There are 2 protein chains.
Amino acid sequence: MLWQRAQEPHAHRWSLPGGALGDREDIEASIKRQLAEKVDVRQLSHVEQLSVFSAPDRVPGPRVVATAFLGLVPSDIDPEIPADTAWFPVDGLPETAFDHRSIIHKARHRLGSKLSYTNLGFALAPPDFTISALRELYSAALGYRVSATNLQRVLSRRGLLEPTGDTSPPGPTGGRPAALFRFSARGILVTDQFAVLRPPSGGRPAGAGATS
Amino acid sequence: MLWQRAQEPHAHRWSLPGGALGDREDIEASIKRQLAEKVDVRQLSHVEQLSVFSAPDRVPGPRVVATAFLGLVPSDIDPEIPADTAWFPVDGLPETAFDHRSIIHKARHRLGSKLSYTNLGFALAPPDFTISALRELYSAALGYRVSATNLQRVLSRRGLLEPTGDTSPPGPTGGRPAALFRFSARGILVTDQFAVLRPPSGGRPAGAGATS
DNA sequence: CGAGGTTTTCGCCTTTGGGTCGAAAACGTG
DNA sequence: CACGTTTTCGACCCAAAGGCGAAAACCTCG
């Protein structure tokens with residue numbers, strides 16, 4: 001979501017929401033305060049710090065150091081936004097102000113990574129969803145196709161997926177009705193260990209093989 | 001590496017090196033400038049941004065927002081440091097100033113994570129090393145024992161380990177001489193895909209099984 | 001100089017986890 | 001009620017990572 005600047009510098013360019021840090025707030029509170037002027041911040045399902053951008057000339061005029069945040073909204077919510085703001089696909093950005101384009105790309109990269117090794121998907125999905133719908137969400141966020149079979153198995157094995165018991169009616173062209181699921185753990189949750197060099201676990205059970 | 005504050009606030013407590021951001025520098029340059037007053041910054045093998053700490057009361061007096069960085073030094077280097085500074089093990093910190101203890105713990109966590117899915121080990125190891133030495137480094141940084149067999153295999157498969165051809169002489173109690181290795185890629189390098197939901201690859205080759 | 005202790009290295013095995021495919025199930029429609 | 005559609009499930013596969021234990025290479029001491 002970007003808003004179009006009315007004044008110089010960079011008038012008419014599209015810009016991320018933001019503003020100055022207040023005396024009695026930390027940066028996350030400030031972000032939410034700034035954002036509240038554009039949308040209902042209660043619709044945000046997840047907010048996390050991204051990175052600091054501090055190049056001396058990143059904006060013209062007096063020095064500005066920016067701390068960027070990544071915020072997510074569930075896919076079933078379409079927030080009301082004011083006239084000077086609009087949603088853009090990450091792959092089709094307009095001309096942006098300052099260094100905001102690189103901030104956005106950094107955010108997209110972070111989202112892709114975290115989808116893989118956390119349950120951050122809960123922040124993108126509605127409370128109940130079908131595997132197909134979740135598959136489309138993940139595909140869009142990651143930028144490549146993921147298989148529904150796999151997605152379900154991976155999330156299930158981690159104990160993150162929970163069937164609601166209900167089914168969603170099939171589309172206009174028929175087809176088997178899809179089972180509905182929800183995420184069982186809401187808060188953000190990191191996979192115990194990431195890729196490699198886990199402490200102890202698998203391998204050959206002690207006292208098994210006696211070769212030759 | 002901490003230095004002991006001489007003046008209030010928090011006199012005599014131990015503190016991370018740092019200072020105010022200058023007008024014509026970005027934060028990374030500032031960090032290095034501050035740090036240069038304590039050690040030779042050319043010995044740093046890796047520097048990366050950690051996080052911003054912005055609680056309004058994190059330090060007494062005028063508002064201070066801090067951007068914390070993680071810096072690494074190879075294990076074979078023991079930098080000269082001034083009288084008011086000292087090295088501490090992360091598990092045995094003295095009484096620290098402000099919120100520096102939580103900053104340190106965040107840094108340690110980041111280090112552990114990145115060791116798993118990047119080749120960040122190159123920043124901790126000397127140019128040439130034995131697998132045993134590397135194992136000790138990883139164990140210390142991760143906080144749990146890793147097996148030498150496994151470490152070597154994991155790093156080799158990623159193409160990060162390269163034998164020098166030399167061997168290092170055994171210790172005073174004898175033992176087989178250890179082969180020396182070096183990291184083939186110096187710059188930081190992320191594992192192509194992290195844990196799960198890779199694009200396409202493995203699995204059953206097309207047109208193989210014809211069950212029953 | 002060989003027996004015995006030590007450290008490293010290597011080969012073989014197991015477990016885990018992610019991937020592919022095809023068939024079966026459950027729907028709508030003509 | 002045959003047919004196209006979508007979802008779900010089961011069978012199989014491969015790669016990566018962990019665990020031993022044996023073999024290799026070295027030192028020291030009797």
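Worth saying up front: this structure is predicted, and the values here are computed from it rather than measured. Below, chain A is the first sequence line, B the second, and so on; all start at residue 1.
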So which pairs with a foot in residues 87-96 of chain B pass salt bridge (Lys or Arg N to Asp or Glu O under 4.0 Å), sequence neighbours left out? Arg13(B)-Glu95(B), Asp91(B)-Arg108(B)
Which atom pairs link the protein and nucleotides 28-30 of chain C when you take only N or O atoms and keep those under 3.5 Å?
none

Ranking dT7(D), dC9(D), dA17(D) by distance to the side chain of Arg176(A), first place goes to dT7(D)
Atom OH of Tyr144(B) and atom P of dG19(D): how far apart are they, to the nearest Å? 11 Å
Ranking Pro177(A) and Ala178(B) by the position along DNA chain C of their nearest nucleotide, the one closer to 5' is Ala178(B)
In this structure, how many angstroms lie between the P atom of dA16(D) and the CG atom of Leu151(B), rounded? 16 Å
For the pair made of CD in Gln152(B) and C1' in dA16(D), what is the distance, rounded to whole Å? 16 Å
Is there a side-chain contact between Arg157(B) and the phosphate of dA17(D), meaning an N or O under 4.0 Å from OP1 or OP2? yes
Considering heavy-atom distances to DNA chain D, does Phe181(A) or Thr149(B) have its closest nucleotide positioned more toward the 5' end? Phe181(A)
Leu161(B) CG to dA17(D) P, straight-line distance once rounded to whole Å: 14 Å
Between P of dG18(D) and CG of Leu142(B), the distance in whole Å: 11 Å
What is the distance, rounded to the nearest whole Å, between atom CZ of Phe129(B) and atom P of dT8(C)? 14 Å
N/O donor-acceptor pair under 3.5 Å between Ser184(A) side chain and Gly159(A) backbone: yes
Anything under 3.5 Å between a donor and an acceptor, one on a side chain of residues 31-41 of chain B, the other on a protein residue two or more places apart or in another chain? List them.
unit_1, atom_1, unit_2, atom_2, d
Lys32(B), NZ, Glu28(B), OE2, 3.4
Arg33(B), NE, Glu25(B), OE1, 3.0
Arg33(B), NE, Glu25(B), OE2, 3.4
Arg33(B), NH2, Ala20(B), O, 3.1
Arg33(B), NH2, Glu25(B), OE2, 2.7
Gln34(B), NE2, Ala20(B), O, 3.0
Lys38(B), NZ, Asp84(B), OD2, 3.3
Asp40(B), OD1, Arg42(B), N, 3.0
Asp40(B), OD1, Arg42(B), NE, 3.1
Asp40(B), OD2, Arg42(B), NE, 3.4
Asp40(B), OD2, Arg42(B), NH2, 3.0

Applying side chain to side chain contact (heavy atoms under 4.5 Å, CB included) to His100(B) and Phe53(B), what does each step give before you reach the verdict? CA-CA 10 Å; His100(B) 289 189; Phe53(B) 295 80; over 6 Å; no
By side chain to side chain contact (heavy atoms under 4.5 Å, CB included), which residues pair with Ser75(A), not counting sequence neighbours? Pro126(A), Leu137(A)
Has the side chain of Arg153(A) got a donor or acceptor that lies under 3.5 Å from a partner of the other kind on the base of dG17(C)? no
Donor-acceptor pairs under 3.5 Å, side chain of residues 162-181 of chain A to any protein atom, not counting sequence neighbours: which ones?
unit_1, atom_1, unit_2, atom_2, d
Glu162(A), OE2, Arg182(A), NE, 3.0
Thr164(A), OG1, Asp166(A), N, 3.2
Thr164(A), OG1, Leu180(A), O, 3.3

Please state how far atom CZ in Arg145(B) lies from atom C1' in dG18(D), giving the value in whole angstrom units. 15 Å
Under 4.0 Å from OP1 or OP2 of dG18(C): is there any side-chain N or O of Asn150(A) that close? no
For Ala179(B), report the nucleic acid contact type (base, sugar-phosphate, nothing); a contact means any heavy atom under 4.0 Å. sugar-phosphate
Whole-Å distance separating the CG atom of Leu134(A) from the C1' atom of dT6(D): 17 Å
From dG18(D), dT6(D), dG18(C), nucleotide with atom closest to Arg158(A) side chain: dG18(C)
For Glu80(B), enumerate each residue passing the salt bridge (Lys or Arg N to Asp or Glu O under 4.0 Å) test, keeping only those at least two apart in sequence or located in another chain. none
